[in-house]
Each structure stands twice: as C-alpha cells, then as structure tokens.
There are 2 protein chains.
Amino acid sequence: MPKQSAPDETCGLRERKKRETRRALHHAALDLVDDKGYAAVTTEAIAERAGVSARTFFNYFSSKESAVLGVTGDQLAETTAAIAGRPEGEPPLVSLRLVLGELLAPASADRDLRAKRRRILLAEPALAPALVGNNILFENAVTAALERRLGVRPGSSIEARVTVAAAIGAVRACIEHQQNGGSGRLERNIELAFEQLAAGLR
Amino acid sequence: MPKQSAPDETCGLRERKKRETRRALHHAALDLVDDKGYAAVTTEAIAERAGVSARTFFNYFSSKESAVLGVTGDQLAETTAAIAGRPEGEPPLVSLRLVLGELLAPASADRDLRAKRRRILLAEPALAPALVGNNILFENAVTAALERRLGVRPGSSIEARVTVAAAIGAVRACIEHQQNGGSGRLERNIELAFEQLAAGLR
DNA sequence: TGCAATTTTGCAGTGACTGCATAAATACTC
DNA sequence: GAGTATTTATGCAGTCACTGCAAAATTGCA
C-alpha cells in the first residue's frame, strides 16, 4: 500500500504522536500562561500538564517563549518559502506585511487557539520580542530570502536588511502600542504602520 | 562646607567608589568577553576580575549583557533627556539617528574602550539585540520622549512608536549586516539606512 | 567617637537549559 | 510474528543567570 499523498497528511504513527505532543505542549503553555501569567509558569509545569517529562519539553521547544508562541524550528523554512513564493513584481514591503501577519495569527490554528494566543501576546510584554524582533536567525533568513527574490547578491547592500528590520519593527511597535493602551485596532494599526514606512519617515 | 556644584564631578568618596566599581566591572566584562567570547564568560568571572563578590555584580548591572555593554539604569533618563533637548524643528528621524548613534559609541568613553566595545558588539550576535531592539522599557521611554517633543498626546497614534521602532531596527540591521560580512562601513551604512527610511520603503 | 545610612557579601534558592546514558516505543526485515 | 535497528522519552546530574534576605563591613555625619 503506497503512502497517502495528500498535501499535509500525517503518515506514520510516530509522526502523528510527535505532532500531538507538540500541540499538547503548546496548548498547555497557552492555558497556563493565560491563567497565571508568563512569569509564574515553569517549563516543568507545562510539561506536566502536557503529560510528558520535563526533559522532553526541550526536545520539542528550545525555550519557554517558543512553547508559548508555538514557534517550531521549521517555521523558519516556511517563512522563507512564503517569501520566495510571493509574486514577482510585488513590493517587498507588501510581501513582508503578509508574511509577518501570518506569524502573528497563524492560519493553521483554529479560532479559539488564535484568540488565546493573541490575547496572551498582547498581555505579556516579554513575548513580543520573542515573536518579532529578537530572533537573529529569523532576520537573517528573511533577509536572505528577500535578497534572493529581488535577485541581488546577499550582503551587497543593506537595503533588504533594513527593509526587513523596519517591517519587523513596525509590527512590534503595533503590539507594544496595544500593550500600552494605545488607540486603534491591531490589524488596522499594522496597515497604518506599513503605510507610514512606505510614505517615508520624517 | 557646601558640596561642590561642578557639572559632573564626583563629590563624596562613596560616589567615587561606586563609579570606580561600575567601571571596573564594565572593563572586566569587556576584557574577558574580548578574550574568551561572550558565552564562555560567567558573571562570577567578571566579578572576580573586578575584585568584587559575585553578588555585588548584580548590584551594579541587571544582567550580563548590560555589564558588557556598560548599560546603566539612568541611561534611560539620559536618552530621553537627549531627545527632549534636540532643536524644535528637527525631524524626529534625525534626532533618533543622533541619539542612537551616541548609544552605539558613547562619547563618554575613551578611544580604546570605544574600540573594544565596538569590536565586541560587532563580533557577538547575542549583544546587538541587547543594545538595540530588545528593550521594551527603552522603546517606551524613547517613544514617550518623542511624543512629548512633538506635542502629541501619548498613545493617540502609532506614528511616533513606529518611527522609533524603525530607527532602532535600522541601526540593528546595520550591525547585523556587518556581523554577516556585509559590505560597507558601519557609520556610512547607518547614514544610508536612515536615508532609506526617510525616502520611504518599497 | 558614636550613630545612622549605605554598600558588600555570603547563603540559599529558583528556574531555564544542556549533555549523557538508559529505557521505552516505533519502524523495518525476514 | 520475532528480532533488530532507529527514534524518542526519560532520569540524572550539572551549569549558570539571577533573586531575596540578613549579617557584616564601610562610609557619612553629628
């Protein structure tokens, strides 16, 4: 019997279990943090609620932050692929807005999960940097992907990198704006922020 | 006898000793990191080289990163004051470039120290975020200062915050560009980056 | 000199994170 | 279905950043 070839299927039992464990850890992290606050939750508690050992936690997530945000290792590859897949003539800033927006509210997650994740992200100052703005690997990868798409030699100019950093900064600024009780809705503010970047700063 | 009133003097013995201890810790941190790399240096080692106890280290710096970068608590106040002190009509982006540049290479430090600090900053990927881009308090303070100077109500729009985030991102991008072996000189790239922000991103 | 305020230090602890070795589970082969 | 190879889970011991607390040392002041 040949293996199924549906686009996103889970063939082996092993693979399925791994996904389930990762999901359980992520959910446990979200629930606990939602309940007690980020600082009051230990990785041990997350592991326990997910039904795995404390050590296993770190087999799935490299840090407490990434467990809460549900950031996996191959998200990097997905993001660069997403950038590479944007239409040829699209302005980089538009590609970045879409791709970063997907990071903020992953389409893969169901409605409840997204809502909870968003609530936590906007409530915990410690998390925004972890999602956006504190990941050098991420910035490097996105910059490289953008340079590739634009057909420029990597590192030959700072342009792509500055664009990436500004875009990430804009998203982060909107999150922090929200955290500080600023006006407006998050999505709308992100639009405005990118318009501001496009129009040129004073 | 009234206390002296020179602008930046060190009157009491106590004050002098504190400054000296802070300086010793910062220098020790720079030397050790320059020698062995950031990850291989412990706060204990820094304290020992500076001639104080391990516990005292944390009386002076809130983290290992801040000891290496020499970031003190009142730097925040200095930065906001610097922003407030910029001339009225100056474009925010210009003020930010100058103030952030000062963060990068403090005029207070002597030539040797600045060189060493710069070398380490460009060699250690872990440090750039710590200096620029990972400090929520810093971003909040600078944003507030900018809003005050522009005379807008804090949090009424995202504009100031986005400008701050983009400016910080630009500096950080230039540092990372350098770290990745990119072209050009740091200072020149920073100029270019700010020009790019001013011209508007695509 | 003697008292008050500040600073230093030691101590004990928490918690994130890691390497390593072993046990358990799953995949694969005959 | 048994046996073997490969992954994955777990326990253990350890490192290190960072913290609170209370006692000791230092400095400022009257």
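Quick note on labels: first sequence line is chain A, next is B, and so on, each numbered from 1.
Closest to the A/T42 side chain, of the nucleotides D/dT10, D/dC18, C/dG15, is C/dG15. Here the side chain of A/T21 is nearest to one of C/dC17, D/dT6, D/dA9, namely D/dA9. The side chain of A/S63 approaches C/dC17 more closely than any other nucleotide in the set D/dT27, C/dC17, C/dT8. Residue B/F58 has its side chain nearest to D/dA17 when only D/dA17, C/dT7, C/dC17 are considered.
Between the CZ atom of B/R22 and the C1' atom of C/dT7 there is a distance of 13 Å, given to the nearest Å. With rounding to whole Å, B/E48 atom CD is found 13 Å from D/dC16 atom P. Rounded to whole angstrom, the span from the NZ atom of A/K18 across to the C1' atom of C/dA24 amounts to 16 Å. In this entry the distance linking CG of B/N59 with P of D/dT26 reads 16 Å, nearest Å. If you measure from atom CD of B/E44 to atom P of C/dT9, you get 13 Å, rounded to the nearest angstrom. Rounded to an integer number of Å, the gap from CZ of A/F57 to P of C/dG19 is 16 Å. Atoms CD (B/E65) and P (D/dC16) sit 17 Å apart, rounded to a whole Å. Rounded to a whole Å, the CZ atom of B/F61 is 21 Å from the P atom of D/dC16.
Distances shorter than 4.0 Å separate some side-chain N or O of A/T43 from OP1 or OP2 on C/dA16. Residue B/S53 places at least one side-chain N or O under 4.0 Å from the OP1 or OP2 atom of C/dT9. Using a 4.0 Å cut-off, some side-chain N or O of A/K17 falls inside it from OP1 or OP2 of C/dT26. For C/dT7, neither phosphate oxygen OP1 nor OP2 lies less than 4.0 angstrom from any side-chain nitrogen or oxygen of B/Y60.
Judged purely by distance below 3.5 Å, without hydrogens or angles, the side chains of A/H26 and A/R22 never pair a donor atom with an acceptor atom. A donor-acceptor contact closer than 3.5 angstrom is absent between the side chains of B/E147 and B/S156. Checking A/R202 against B/T163 by side-chain atom types alone, no donor-acceptor pair falls below 3.5 Å. If you check the side chains of A/S95 and A/R149, you find a donor sitting under 3.5 Å from an acceptor.
Looking at B/R55, its side chain has no donor and acceptor atom pair within 3.5 Å of the base of C/dT9.
Note on A/E191 versus A/R185: no salt bridge recorded, every NZ/NE/NH1/NH2 to OD/OE distance being 4.0 Å or above.
Toward the 5' end of DNA chain D, the nearer of the two residues B/S62 and B/R14, judged by each one's closest nucleotide, is B/S62.
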